[in-house]
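Excluded from the calculations below are hydrogen atoms, water molecules and symmetry mates; all remaining heavy atoms, backbone and side chain alike, are included. Just so it is clear: chains get the letters A, B, ... in the order the sequence lines come, proteins before strands, and each one is counted from 1. Everything numeric in this text was worked out from a predicted model, so none of it was measured.
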There are 2 protein chains.
Amino acid sequence: MDNTAFFKLSYGLFVVTAHEGDKDNGCITNTVVQQTITPNRISVTINKNNYTHDMIKRTGVFNVSVLSEKAKFETFKHWGFQSGKDVDKTVGITYFRLENGVIYIVDGVNAVMCAKVEQEVDLGTHTMFIAEVTDAFSTEEDSSATYAFYHKNIKPAPQPAKKKGWICTVCGYIYEGEVLPEDFICPTCKHPASDFKRIE
Amino acid sequence: MDNTAFFKLSYGLFVVTAHEGDKDNGCITNTVVQQTITPNRISVTINKNNYTHDMIKRTGVFNVSVLSEKAKFETFKHWGFQSGKDVDKTVGITYFRLENGVIYIVDGVNAVMCAKVEQEVDLGTHTMFIAEVTDAFSTEEDSSATYAFYHKNIKPAPQPAKKKGWICTVCGYIYEGEVLPEDFICPTCKHPASDFKRIE
């Protein structure tokens, strides 16, 4: 298997938000896809280690904020590289709460969708939520950020490594050790050992 | 519902091919997504009106040819705007048959995946096939074509309309009539009435 083939798949980037009790939370994903037009239905696949995953599973409701090319790396760090289990991700963020009770984020976003889960597909490490779109609107005319655009233009260039070990090619986390365990999961962005490369 | 929001979702473009008996066939789709890494698993959602849909449903095997920015409009017309029910789509095409018996296409493609269906999700107008990736490799270094790139750079600019009626914004098919039926499906690319706009 030549893993470079998977880098040829194109994706957008999204903040998926959920609300439960007093808690707002969200995470970054690249897996929002319109599945059907009649009815308007999207899917999103979320890692089971994400707190947002559990909130959507329990509440059945989420919003999608579509990230544009104006999104800053801080937005990816904020929503992607820390867990709602540890922090309140609404702090320091401009957001807007919609009628479904769930927030969307305002900066670096060009469109929003509100979704109600119809069906879940258990994929082992992840759950795919298939959801009816209950509302949708554009907020800006900026082009959407693709995953390729993020890697080329948003993610900072890697600094000369002072540490030895293994670096996560998705978020830059460094594992300091000679041997990276095969079942290692990046504590920052939840990607597996196959997304790490050796640094000397 | 503001449908412009859906245009903000980013996609790649793919030829999905299948093989059954003596028949090779394929269609264009924008819905190939890697769902999990452990195991390597993708999904593709295909309109039930496509002959390729029925072949995959019966055989459980398909290949994905990832279209690059070098793909020509003729490739989209060839695989997207005619049906394998009417024509043999292998005529006039450079292709290569892999061990799973299914072809992939060579020109304007940068990567290939072979897939074996694990699970089907019935989405009404479409079926989502969730499949294990049994092989994958890159064929070219060219960037992948996104749907946005296709609309901007590959699809020919619309000609001044001589006909009156409704034009399909996806493929350019023209419905000549005063009123477009609400349940109209484009006979060329299978998109619904909501993807048509009025031409005068």
### Task
Following the transitive rule for hydrophobic clusters with a side-chain heavy-atom cut-off under 4.5 Å over Ile, Leu, Val, Met, Phe, Trp and Tyr, establish whether I130(B) and V61(B) coincide in one cluster.
no

### Task
Could you look at F7(A) and say if it's the side chain, the backbone, both or neither that has a heavy atom under 4.5 Å from chain B?
neither

### Engaged part of V33(B) at the chain A interface, taking heavy atoms whose separation is under 4.5 Å
both

### Query
When only pairs under 4.5 Å are counted, which of H191(B), M128(B), H126(B), M1(B) shares the most heavy-atom pairs with chain A?
M1(B)

### Message
Heavy-atom pairs under 4.5 Å with chain A: which of N110(B), D135(B), V66(B), T146(B) has the most?
### Response
N110(B)

### Message
Does any backbone or side-chain atom of T134(A) lie under 4.5 Å from a heavy atom of chain B? Answer side chain, backbone, both or neither.
### Response
backbone

### Task
Tell me, for Y147(B) versus chain A, whether the close heavy atoms (under 4.5 Å) come from the side chain, the backbone, both or neither.
neither

### Query
Mind checking which of residues 40-58 of chain A sit less than 4.5 Å from chain B, heavy atom to heavy atom?
N40(A), R41(A), I42(A), T45(A)

### Query
Do you know which of S144(B), A111(B), A136(B), P39(B) has the most heavy-atom pairs with chain A at a distance under 4.5 angstrom?
A136(B)

### Query
Side-chain contact, heavy-atom cut-off 4.5 Å: T4(B) with F137(A)?
no

#### Entry: Interchain contact, S143(B) with chain A, by part (heavy-atom threshold 4.5 Å)
neither

### Query
Is there a path of hydrophobic side-chain contacts, each under 4.5 Å between heavy atoms of I, L, V, M, F, W or Y residues, that connects I93(B) with Y104(B)?
yes

#### Entry: Greater than 12 external heavy atoms within 6.0 Å of K197(B)'s NZ
no

### Task
Tell me, for N3(B) versus chain A, whether the close heavy atoms (under 4.5 Å) come from the side chain, the backbone, both or neither.
side chain

### Query
Given a strict heavy-atom distance threshold of 4.5 Å, which part of A145(B) is in contact with chain A: side chain, backbone, both, or neither?
backbone

### Query
So does K23(A) have more than 12 non-hydrogen atoms from other groups sitting under 6.0 Å from NZ?
yes

### Task
Could you tell me whether K152(A) atom NZ has more than 12 heavy atoms of other residues or ligands within 6.0 Å of it?
no

### Query
What part of Q119(B) lies closer than 4.5 angstrom to a heavy atom of chain A: side chain, backbone, both or neither?
side chain

### Message
Checking the side chain of Y11(B) only, and the main-chain atoms of G12(A) only, is there a donor and an acceptor separated by less than 3.5 Å?
### Response
no

#### Entry: Donor-acceptor under 3.5 Å (K8(B) side chain, L67(A) main chain)
no

### Query
Which one, V133(A), V121(A), D195(A), N30(A), leads in non-hydrogen pairs under 4.5 Å with chain B?
V133(A)

#### Entry: Same apolar cluster: F149(B) and V64(B), side chain cutoff 4.5 Å
yes

### Under 3.5 Å side-chain donor-acceptor pair for T125(B) and T38(A)
no

### Query
CZ of F96(B): more than 12 outside heavy atoms within 6.0 angstrom?
no

### Task
Name the region of V112(B), side chain, backbone, both or neither, that has any atom closer than 4.5 Å to a heavy atom of chain A.
backbone

### Query
Taking everything shown except K116(B) itself, do over 12 heavy atoms lie less than 6.0 Å from its NZ?
no

#### Entry: L13(B) versus chain A, the contacting section by heavy-atom distance below 4.5 Å
neither

#### Entry: Whether over 12 other heavy atoms sit under 6.0 Å from K77(A) NZ
no

### Task
Answer yes or no: is there a donor N or O on one side and an acceptor on the other, between the side chain of D2(B) and the main chain of S138(A), under 3.5 Å?
yes

### Query
If you take all heavy atoms of T36(A) and L123(B), which pair is closest and at what distance?
CG2-O, 3.5 Å

### Query
How long is the gap from CE on M113(B) to CZ on F6(A), to the nearest 0.5 Å?
4.5 Å

